[in-house]
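Per chain, numbering begins at 1; letters A, B, ... match sequence-line order.
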There are 2 protein chains.
Amino acid sequence: MQGSKRNCVNLFLRKTLGIQAMYKKVARREDIIQAAIEIFSKKGFQSASISEIAKRAGIANGTIYQYFRNKEDLFFSIPVEKTNEFRSQVALHLEGITGVFNKIRKFVWYFLYFFKNNPEYGRLLMLELRVNRSFAKTETYDFLKQSVRSVWDIIEEGQKEGVIRTDVDIYILRHLVLGILEHMVSRWLLKDAQYDILEHHQQVSRILIDALRGGVADSGGPVAKD
Amino acid sequence: MQGSKRNCVNLFLRKTLGIQAMYKKVARREDIIQAAIEIFSKKGFQSASISEIAKRAGIANGTIYQYFRNKEDLFFSIPVEKTNEFRSQVALHLEGITGVFNKIRKFVWYFLYFFKNNPEYGRLLMLELRVNRSFAKTETYDFLKQSVRSVWDIIEEGQKEGVIRTDVDIYILRHLVLGILEHMVSRWLLKDAQYDILEHHQQVSRILIDALRGGVADSGGPVAKD
DNA sequence: ATCAATATTGAACATAATTCATTATTATTA
DNA sequence: TAATAATAATGAATTATGTTCAATATTGAT
């Protein structure tokens with residue numbers, strides 16, 4: 001999906017621009033996004049100024065509008081790259097793990113680990129983009145939602161195996177998992193990331209697993225104890 | 001705390017203004033806040049303009065700056081009244097309920113009920129204020145945090161009775177409860193409040209109670225089954 | 001090397017928050 | 001009640017910043 005889209009863009013660029021200009025254009029776009037991440041995460045959307053971003057990127061104000069429709073479009077373009085990283089890393093970390101509860105444990109750990117290591121991006125995503133009504137209507141938002149698709153898949157797998165309860169709507173179970181994780185990360189970022197967000201990851205997994213199991217009797221499937 | 005502060009303000013006003021002017025000043029302040037709620041919740045902080053708020057309140061732009069330091073100060077002043085309402089209503093609804101799990105059920109229900117009935121305010125609180133770094137440093141934010149103090153109290157009570165697990169940090173348990181509730185409300189608001197947020201309140205309570213109980217054996221305390 | 005196509009620039013423009021000198025209103029005093 | 005003082009409200013002027021666009025610079029094709 002994303003790959004084919006990029007190919008289209010590349011084809012278009014190759015036809016109209018030379019190959020060097022194409023690379024330059026892509027690189028400049030990335031320069032702008034990098035500058036935007038730095039300024040936006042330090043000051044927030046509202047207080048960050050286009051002038052400052054342009055200065056950081058080493059270009060004139062007007063040039064930004066060659067690459068992005070407006071300040072908001074630039075802001076909304078930030079998560080694409082990081083979402084790809086998160087998504088592929090989750091897949092990698094889940095690779096080879098058997099047992100849905102072990103997968104839950106790993107997902108919980110990686111989610112917290114990722115934001116521990118990307119607090120600036122976390123601020124943009126968790127405190128601004130994730131709750132922005134316009135952003136929720138963009139393609140990037142759909143793409144972002146796909147990045148936590150694995151939670152859904154794991155729960156479904158567990159329900160099929162009979163180790164995760166089916167008396168509760170799967171949407172509610174997903175709200176439970178993402179709710180506690182996003183809440184923890186948001187509060188942590190609002191407290192200026194002063195403490196170790198990863199410290200209690202095992203406790204988080206434990207209560208989530210108890211909630212997901214529910215009244216269902218242990219099926220003796222591939223489940224590891226803490 | 002809040003009461004004594006208001007008294008100070010009143011005393012100050014009574015000394016410097018006549019009693020009529022005092023009431024007028026308070027009323028006008030409330031007019032502005034009411035106009036601000038309407039405009040901010042429709043357009044969001046960024047897109048709402050002071051002119052529009054002033055117009056709605058039937059006053060000149062400059063007058064707003066007699067009552068509030070700036071646009072942000074006005075925005076941050078909104079939650080005070082509603083927080084009082086939420087807090088007192090929670091207390092009322094919990095009145096007379098015995099058994100910590102019954103209290104959890106009632107809290108979950110009232111939380112969802114409150115935002116179902118206050119979606120405009122919900123947008124301001126959940127999608128803007130709650131994740132605003134400057135707001136997190138205000139007194140109003142501390143006041144707001146106190147409004148969910150009951151969750152902490154209920155969990156503590158349950159732990160003392162031995163019906164809520166003690167192998168998990170109480171902070172994590174609170175993240176669990178507020179996490180799923182705030183997540184549900186936020187997603188619902190981003191979806192333009194199209195479905196009934198209250199529909200699954202029993203399922204939410206059920207998984208939360210399973211998570212809070214954990215491995216702890218039923219103590220036979222005042223606990224009702226679903 | 002020349003010309004066409006494209007990219008960059010930054011001053012000018014538009015919008016909106018904030019200020020402040022002026023005007024209107026309200027309270028006090030004789 | 002009239003005169004005066006104190007306070008509140010006003011809205012035009014100021015300031016700040018996102019956005020546009022005509023002019024300039026750069027790049028690619030012949």
Side-chain angles (χ1 to χ4, degrees), chain A residues 9-33 35-36 39-40 42-78 128 132 134-135, chain B residues 9-36 39-40 42-78 128 132 134:
Chain A
V9 171
N10 286 357
L11 253 162
F12 170 75
L13 290 170
R14 196 168 294 133
K15 269 187 183 169
T16 49
L17 306 170
I19 197 86
Q20 289 207 343
M22 189 183 94
Y23 281 129
K24 194 174 171 188
K25 204 154 168 70
V26 168
R28 174 146 290 184
R29 206 188 126 95
E30 276 165 15
D31 286 348
I32 297 172
I33 287 192
I39 306 296
F40 277 134
K42 192 163 65 192
K43 305 209 162 179
F45 178 78
Q46 160 87 359
S47 303
S49 81
I50 288 288
S51 306
E52 205 175 351
I53 294 169
K55 200 177 194 178
R56 173 69 65 103
I59 54 172
N61 284 12
T63 307
I64 288 181
Y65 292 85
Q66 295 277 337
Y67 294 83
F68 303 93
R69 275 194 302 282
N70 50 39
K71 189 181 175 184
E72 191 176 76
D73 182 38
L74 168 58
F75 191 49
F76 289 176
S77 301
I78 290 177
E128 307 220 48
N132 185 302
S134 310
F135 181 65
Chain B
V9 172
N10 285 358
L11 252 161
F12 170 76
L13 289 170
R14 196 169 293 132
K15 269 187 182 169
T16 49
L17 305 170
I19 197 87
Q20 289 207 341
M22 189 184 92
Y23 281 130
K24 195 173 171 189
K25 206 158 165 67
V26 169
R28 175 147 289 186
R29 205 189 126 95
E30 277 166 13
D31 285 349
I32 297 172
I33 287 191
Q34 188 51 45
I39 306 296
F40 277 134
K42 192 163 65 190
K43 306 208 162 183
F45 178 78
Q46 161 87 0
S47 303
S49 82
I50 289 288
S51 308
E52 204 174 351
I53 294 169
K55 201 177 193 178
R56 171 70 64 102
I59 55 173
N61 284 12
T63 307
I64 288 180
Y65 292 85
Q66 296 274 339
Y67 294 84
F68 303 94
R69 275 194 303 284
N70 50 38
K71 188 181 174 184
E72 191 177 77
D73 182 39
L74 168 58
F75 191 49
F76 289 176
S77 301
I78 289 177
E128 307 220 46
N132 184 302
S134 311

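- A donor-acceptor distance shorter than 3.5 angstrom exists from the side chain of B:S77 to the backbone of B:D73, with no hydrogens or angles considered.
- A 4.5 Å side-chain heavy-atom check between B:F40 and B:L74 finds at least one atom pair inside the cut-off.
- Looking at which nucleotide of DNA chain D each of A:S51 and B:G58 is closest to, the 5′-most match is held by B:G58.
- In this structure, B:F75 places its CZ atom 16 Å from C1' of C:dA17, rounding to the nearest Å.
- Taking atom CZ of A:F68 as the reference point, atom P of D:dT20 lies 15 Å away to the nearest angstrom.
- Nearest-nucleotide positions on DNA chain C for B:N70 and B:Q66 put B:N70 closer to the 5' end.
- Note: OH (A:Y65) to C1' (D:dA22) measures 18 Å, nearest angstrom.
- Residue A:A54 is out of contact with every strand shown, counting any heavy-atom pair closer than 4.0 Å.
- Distance CD1 (A:I50) to P (C:dT8): 15 Å, rounded to an integer number of Å.
- Comparing atom distances between the A:T63 side chain and each of C:dT9, C:dA17, D:dT10 picks out C:dT9 as nearest.
- Atom OH in B:Y67 sits about 10 Å away from atom C1' in D:dT7, given to the nearest Å.
- Contact check, A:R28 against C:dT8: a side-chain N or O comes under 4.0 Å of OP1 or OP2.
- With sequence neighbours excluded, the residues forming a ring-ring contact (aromatic ring centres under 6.0 Å, His included) with B:F76 are B:F135, listed by chain and number.
- Which of C:dA7, D:dG18, C:dA16 sits closest to the side chain of A:K71 comes down to D:dG18.
- A donor-acceptor contact shorter than 3.5 Å links the side chain of A:K71 to the backbone of A:F45.
- Protein atom CD1 of A:I53 is 8 Å distant from nucleotide atom P of D:dG18, rounded to whole Å.
- One can place CD1 of A:I59 at 18 Å from P of D:dA25, the figure rounded to the nearest angstrom.
- In this structure, of D:dG11, C:dT19, C:dG10, it is C:dG10 that holds the atom nearest to the side chain of A:A60.
- For C:dA30, the paired nucleotide is D:dT1, the pair qualifying as Watson-Crick or G-U wobble because both relevant distances are below 3.5 Å.
- Following rounding to the nearest Å, A:I64 (CD1) and D:dC21 (P) show an atom-to-atom distance of 18 Å.
- Between the A:K55 side chain and the A:I50 main chain, no donor and acceptor come within less than 3.5 Å of each other.
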